[in-house]
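First up is the structure itself, then whatever we jot down about it.
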Amino acid sequence: MWFARRSRGDVGAPMFPLLLALLIPPSLDDAVRAALGRWHVPGAVVALVRQGQAAAVTGYGMANAAARIPVDPQHTAFRTASVSKVVTAAIVAQLIDEGRLDATADVNRYLDFKIPAYDGKPITLAHLLTHTAGFDDRYIGKSARSFELAMPLGAYLKRNLPKRIVPPGEIFLYSNYSVALAGYIAERVCGKPFAELAQSMVFRPLGMTDSSFLLAQPAAIPYQWTGSAYQALPWDYLQDAPAGMQMSSGADMARFVEWALDHASRPEFQLQFTHNARLSDGIGWVWELGRSRGHSFAGHDGGTPGAVARVRIFPHDGAGYFIAANALSGPFLGEVAAAVERQILDKVSPAPVPPPARWDANVAAFTGVYRDVRYSHDTLVKVGVLMGYLGSEITIGAASGGITVPRFDGSTRRMVQVAPNLFQSLDGSYFCAFRRDSSGRVTHLFTSGTTAMERVPALLSAPTQRYVFLFCALALVLLMVAPTRRWLLPDPLRAPASLAANAFGFHLLGLGIVLQLLTSSVEREGSYMYGLPWPIWIVQSLGVLGATCVGWFLVRLFQRRPRSVLPWLVGVILTVYVAWLWHWRLLGYWV
């Protein structure tokens with residue numbers, strides 16, 4: 001059996017009474033408790049595994065803050081969010097081992113709906129498991145408010161097939177849809193729902209009795225901090241469940257970490273994709289590969305409103321851990337993980353990399369603005385780029401035969417081209433790479449083996465586009481005022497201009513009401529995971545009405561051909577605004 005009991009001992013329940021009697025080292029215990037208070041996290045669990053033996057599984061704080069129910073490390077089930085993907089990968093890998101799936105075959109072989117090829121290139125399971133299928137990211141409508149309201153997995157995937165934006169196998173583009181699709185393929189091949197597959201193929205063989213892709217009990221209630229108190233969040237059901245619905249206790253995940261350490265030579269944990277061999281980080285089958293404190297690891301993080309989690313194994317050190325909490329706090333996870341790794345790993349200084357001795361100074365083709373590819377390109381959530389919470393941007397400049405790359409602290413790093421499309425920092429410690437398309441045009445910047453940024457024209461960069469909006473908005477306000485309208489336009493052009501300006505004004509007001517007032521902070525944090533309220537259809541119709549009136553204005557403008565430049569300027573501004581709305585998917589029904 002693929003998930004057989006380990007040769008070093010039993011992974012089942014008998015080991016855990018002794019395991020739970022062992023304590024997290026006091027220094028680590030203090031660090032976790034301090035982080036709970038600092039980051040307003042009600043409860044957490046930490047599981048440490050060393051040398052194939054579960055060393056400690058400890059609960060902290062409250063699973064249910066209102067009822068004052070503490071976290072039980074043995075049985076309290078936490079949402080693991082995207083950590084779920086490693087379980088999905090284990091299921092799919094087992095089916096590949098058994099010959100029931102082919103990692104290199106067109107996935108359409110296994111589906112009951114068709115995914116079109118991109119430039120003649122089909123998608124394979126290997127693409128799905130390495131996030132290189134080229135799917136756009138999608139958030140709207142990912143969740144249902146109850147298990148009963150959730151669509152079947154296949155129906156959800158068929159209805160919400162995302163756009164393909166890059167060729168398969170070339171660019172790491174993190175995709176919940178990809179992993180959910182891999183889970184659905186496993187579901188179809190085995191003829192049973194994915195949640196049952198997880199039970200029969202992973203959880204029961206490993207003795208993970210408090211784990212499920214359904215709502216496991218007893219559960220850690222998800223919370224968010226309001227500034228003065230913990231607010232319980234409603235349970236939801238992720239309709240792309242194989243990508244993020246798993247719930248597990250700390251004790252169960254200790255078992256899974258033990259299994260992963262024992263099978264670290266498998267394909268899931270080996271490098272399957274990186275943008276460039278010289279870059280840091282890569283990905284196996286779903287497992288993210290990197291280094292921490294000088295030690296190589298395979299792992300995965302997860303986060304969703306009311307939950308955050310991380311699993312990591314260090315195969316060469318025989319160590320691993322799992323952390324979960326019932327509040328979405330990246331700083332908490334980072335702080336606790338750093339404390340855990342200080343406890344289980346000695347710091348190993350990396351081998352020095354000699355600075356570059358020679359380089360190519362022809363770097364003009366690489367300068368420009370680059371945007372993180374992980375944002376929705378094809379729904380109105382794209383506007384998050386303008387608001388600064390999606391698609392962060394950087395500017396690559398030129399300097400003395402090299403390029404300058406911004407650091408997180410605001411300083412810049414100077415880099416030189418040491419091989420075609422590959423750059424090294426002058427101190428030798430860092431590499432980045434660029435991608436060219438078939439015509440030789442630079443299209444992407446790779447800052448790591450699993451981080452990609454797409455090149456965008458300066459005119460379409462977020463700061464420039466904000467100025468475009470402000471200029472157009474000012475013009476619309478002026479067109480709403482009758483005296484200004486009479487001064488700018490001859491009589492035949494005033495009616496369509498007035499209707500367009502007012503329609504666009506109410507459209508913007510409506511967007512603000514729907515996206516901010518009619519949705520909760522949790523829904524906004526989850527990028528409208530339940531979908532958008534029905535008034536969005538009315539609001540978007542106002543935008544369409546405004547665009548129609550712009551068309552009416554332009555027809556009359558070309559019919560009348562006024563001599564004054566002002567009507568033509570108004571026509572240009574209105575046209576630019578329609579194009580702006582279309583570019584940011586705010587015009588039409590991109591939901």
By side chain to side chain donor-acceptor pair (under 3.5 Å) - contacts of Arg38 (at least two apart): Glu335

Using 30° and 60° as the class boundaries, would you call the ring planes of Phe135 and Tyr177 parallel, tilted or perpendicular? perpendicular

Would Gln465 and Trp584 count as a side-chain hydrogen bond (donor to acceptor under 3.5 Å, both in side chains) here? Give the steps. CA-CA 10 Å; Gln465 287 291 295; Trp584 293 105; 2.9 Å; yes

Identify which one of Asp252, Val87, Leu206 satisfies the side-chain contact (heavy atoms from CB on, under 4.5 Å) criterion when paired with Ser211. Asp252

Give the ring-plane orientation class for His295 versus Phe314, where under 30° counts as parallel, over 60° as perpendicular and anything between as tilted. perpendicular

Tell me every residue that passes salt bridge (charged side-chain N to carboxylate O under 4.0 Å, His left out) with Arg293, counting only those two or more places apart in sequence or in another chain. none

Donor-acceptor contact below 3.5 Å, side chain Ser448 vs main chain Thr451: yes

To the nearest 0.5 Å, what is the distance between CD (Gln270) and OG (Ser265)? 6.5 Å

Arg413: partners by salt bridge (charged side-chain N to carboxylate O under 4.0 Å, His left out), with sequence neighbours left out: none

Checking side-chain hydrogen bond (donor to acceptor under 3.5 Å, both in side chains) for the pair Glu341/Ser292: CA distance, chi angles, key distance, verdict? CA-CA 8 Å; Glu341 292 181 9; Ser292 181; 2.3 Å; yes

Pairing residues for Asp378 by the salt bridge (charged side-chain N to carboxylate O under 4.0 Å, His left out) criterion, not counting sequence neighbours: Arg585

Side chain of Ser392, backbone of Asp372: donor and acceptor closer than 3.5 Å? no

Please verify the inter-ring angle class for Phe256 with Trp259; under 30° counts as parallel, over 60° as perpendicular, anything in between as tilted. tilted

Mind listing the closest non-hydrogen atom pair of Phe332 and Trp39 along with its distance? CA-CD1, 3.6 Å

More than 12 heavy atoms of other residues, nucleotides or ligands under 6.0 Å from CZ of Arg159: is that the case? no

Taken to the nearest 0.5 Å, the spacing of Gln217 CD from His75 NE2 works out to 13.5 Å

Please verify the inter-ring angle class for Tyr174 with His300; under 30° counts as parallel, over 60° as perpendicular, anything in between as tilted. tilted

side-chain hydrogen bond (donor to acceptor under 3.5 Å, both in side chains), that's the test. Do Thr450 and Glu288 meet it? Break it down for me. CA-CA 8 Å; Thr450 56; Glu288 297 161 1; over 6 Å; no

Could you name each residue pair satisfying salt bridge (charged side-chain N to carboxylate O under 4.0 Å, His left out) that touches residues 138-156, not counting sequence neighbours? Lys142-Asp240, Arg145-Glu523

Over all heavy atoms of both residues, which pair between Gly284 and Thr130 is shortest? Give the atoms and the distance, please. O-CG2, 3.3 Å

Considering only NZ, NE, NH1 and NH2 on the basic side and carboxylate oxygens on the acidic side, decide whether Lys85 and Asp301 come within less than 4.0 Å. no

If you look at every heavy atom in Ser461 and Val369, which pair is closest and at what distance? CB-CG1, 4.0 Å

How many angstroms lie between CG in Leu157 and CD in Glu187, if you round to the nearest 0.5 Å? 9.0 Å

Before you tell me yes or no, could you show the steps for Phe194 and Phe213 under ring pair (Phe, Tyr, Trp, His ring centres under 6.0 Å), namely the whole-Å CA-CA distance, both residues' side-chain angles and the distance that decides it to 0.1 Å? CA-CA 8 Å; Phe194 185 80; Phe213 273 82; 5.0 Å; yes

Please examine the side chains of Ser212 and Met247, heavy atoms only from C-beta on, and report whether any two atoms are closer than 4.5 Å. no

Reported CD-to-CG distance for the pair Gln516 and Leu511, which is rounded to 0.5 angstrom: 10.5 Å

Assess the residue pair Tyr375 and His377 against the criterion (ring pair (Phe, Tyr, Trp, His ring centres under 6.0 Å)); give the C-alpha distance rounded to whole Å, side-chain angles, the decisive distance to 0.1 Å, and a yes or no. CA-CA 6 Å; Tyr375 67 95; His377 293 65; 3.9 Å; yes

Could you label the plane-to-plane angle of the Trp225 and Tyr230 rings as parallel, tilted or perpendicular, counting under 30° as parallel and over 60° as perpendicular? perpendicular

Contacts of Thr379 that satisfy side chain to side chain donor-acceptor pair (under 3.5 Å) - sequence neighbours left out: Ser376

